[in-house]
Amino acid sequence: MKMILSSVMYEKFQHFIYSSLGLYFPVNKKYLLENSLNTRLAAVQCDSFEDYFLYLQFDAKRIQEQVELANCLTTNETFFFRDQVQIDCLRLYVIPELLKFGQYRQSLRIWSAGCSTGEEAYTLAIMLEEYVPDCRDWQIDIIGTDINEEVLRKARIGQYDDYAIRNIPAPLLKKYFTVSDGHYEVRNTIKQRVTFSKLNLFDSRQMRTMQDVDLLLCRNVLIYFDAPGRRQIISGFHHALRANSAFMIGFSETLSQVKNEFRPIRWDRTMVYYKEEMSFAS
Ligand SMILES: C[S@@+](CC[C@H](N)C(=O)[O-])C[C@H]1O[C@@H](n2cnc3c(N)ncnc32)[C@H](O)[C@@H]1O
């Protein structure tokens, strides 16, 4: 039977989840929190929200349970070549610009933050393989990170169903995937360019491990955070990015409420944010 979350317990969970995971559940999303908590209560056989609150903080399995709860609270919707305008923008504008800035190094470091099951990171790997003329001469590293270990496990396997691959142009599907038992598997040439690791975007210590990034995609993730949370994460991104690097958020997302140090460029109906080179001119 589904239990109803009292206002007192809602506030306690809201505070705990915000301070430990950075995930923000305003009153109009209380029902989402309540649903996820009910699922976890049943899974760990707690009889009340009060018991579960103690379990989350003091049980020997609390760390594992906090991860399970985070998995339950976030949605993992994603697919290859998501949002055509942004894909065109990457192909026609962002990637050519990056090649200009990176050509003396012949290296690129790309980060898909909140990568879910890996489709976005593999899309970038496929695009670079296709659109960087002498790709084999470049050192290209693509890093996919997420808070959810289960999606990262799937990302490393790299097997997808019809839904995930529906936007991939047919020639690219043929070139970069093998098909068996009704699923599509990313070929090793692409897999070897991508690594996946766990990273909580709200954890400043973990964020500091990311450096020298040339292109960062954090799409459809910032929606989980309130304005101070977004500000903290974006400041971590700013630190992780090199000068002249590019940053993109989701097509329907905005950075307008968050004061930031990026130069926004409009391309068709989407935005790219550039970290400017530091000026030492007086
Ligand atoms: C809707 S998916 C977006 C996937 C992909 N970026 C895309 O746009 O197709 C959101 C992802 O953000 C992840 N996420 C949510 N909160 C996070 C956090 N604090 N740190 C890292 N990842 C987080 C979720 O686990 C989920 O996989």
Side-chain angles (χ1 to χ4, degrees), residues 14 16-26 29 32-33 36 39-40 63 66-87 89-90 110-127 142-158 160-161 163-168 186 194 196-210 213 215-237 240 247-255 270-272:
Q14 186 198 39
F16 178 79
I17 289 165
Y18 185 68
S19 57
S20 54
L21 303 169
L23 304 176
Y24 179 62
F25 286 87
K29 291 205 181 141
L32 285 177
L33 182 58
S36 300
T39 307
R40 292 314 307 158
I63 302 296
Q66 286 169 20
V67 172
E68 294 296 339
L69 179 60
N71 294 353
C72 214
L73 289 169
T74 53
T75 62
N76 308 115
E77 162 79 359
T78 184
F79 45 91
F80 285 89
F81 288 76
R82 184 174 193 174
D83 293 323
Q84 193 56 47
V85 180
Q86 292 200 309
I87 295 296
C89 175
L90 282 163
I110 295 173
W111 180 14
S112 164
C115 64
S116 186
T117 37
E119 288 88 329
E120 183 177 83
Y122 288 132
T123 298
L124 289 164
I126 291 170
M127 292 181 76
I142 299 167
I143 306 133
T145 63
D146 203 283
I147 197 172
N148 179 332
E149 283 174 343
E150 180 54 19
V151 293
L152 291 170
R153 192 185 63 77
K154 291 186 181 156
R156 289 185 193 106
I157 294 171
Y160 299 95
D161 60 15
Y163 178 83
I165 57 98
R166 68 191 188 281
N167 277 359
I168 305 180
V186 181
V194 187
F196 292 100
S197 55
K198 188 176 168 199
L199 187 146
N200 179 358
L201 297 171
F202 200 62
D203 183 327
S204 307
R205 193 183 48 80
Q206 290 179 24
M207 285 287 269
R208 274 196 292 274
T209 61
M210 296 300 292
V213 174
L215 169 62
L216 163 58
L217 263 63
C218 183
R219 299 190 302 164
N220 309 302
V221 181
L222 293 170
I223 35 164
Y224 295 113
F225 302 91
D226 65 348
R230 285 203 293 274
R231 212 173 292 129
Q232 177 184 321
I233 291 170
I234 286 161
S235 140
F237 286 160
F247 164 43
M248 290 174 86
I249 56 173
F251 180 61
S252 51
E253 293 173 300
T254 170
L255 282 190
T270 195
M271 300 296 288
V272 189

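For ligands, and for the atoms within them, numbers begin at 1 and follow the listed sequence.
Sorted by chain and number, the residues within 4.0 Å of ligand 1 by heavy atom are Leu21, Leu23, Thr74, Thr75, Asn76, Glu77, Thr78, Arg82, Gly114, Ser116, Glu120, Asp146, Ile147, Asn148, Leu199, Asn200, Leu201, Arg219, Asn220, Val221, Tyr224, Phe225.
By the salt bridge (charged side-chain N to carboxylate O under 4.0 Å, His left out) test, Lys198 pairs with Glu149, sequence neighbours left out.
Looking at heavy atoms from C-beta onward, Arg219 lies in side-chain contact with Asp83 at the 4.5 angstrom threshold. Cys115 has its side chain out of reach of Leu217: every pair of non-hydrogen atoms, C-beta onward, lies at least 4.5 Å apart.
Exactly one residue among Val213, Leu124, Ile143, Leu216 makes a side chain to side chain contact (heavy atoms under 4.5 Å, CB included) with Ile110. That residue is Leu124.
Taking the six-membered ring for Trp and the full ring otherwise, the centers of Phe79 and Tyr160 sit at least 6.0 Å from each other.
There is a side-chain donor-acceptor pair under 3.5 Å between Thr75 and Tyr224.
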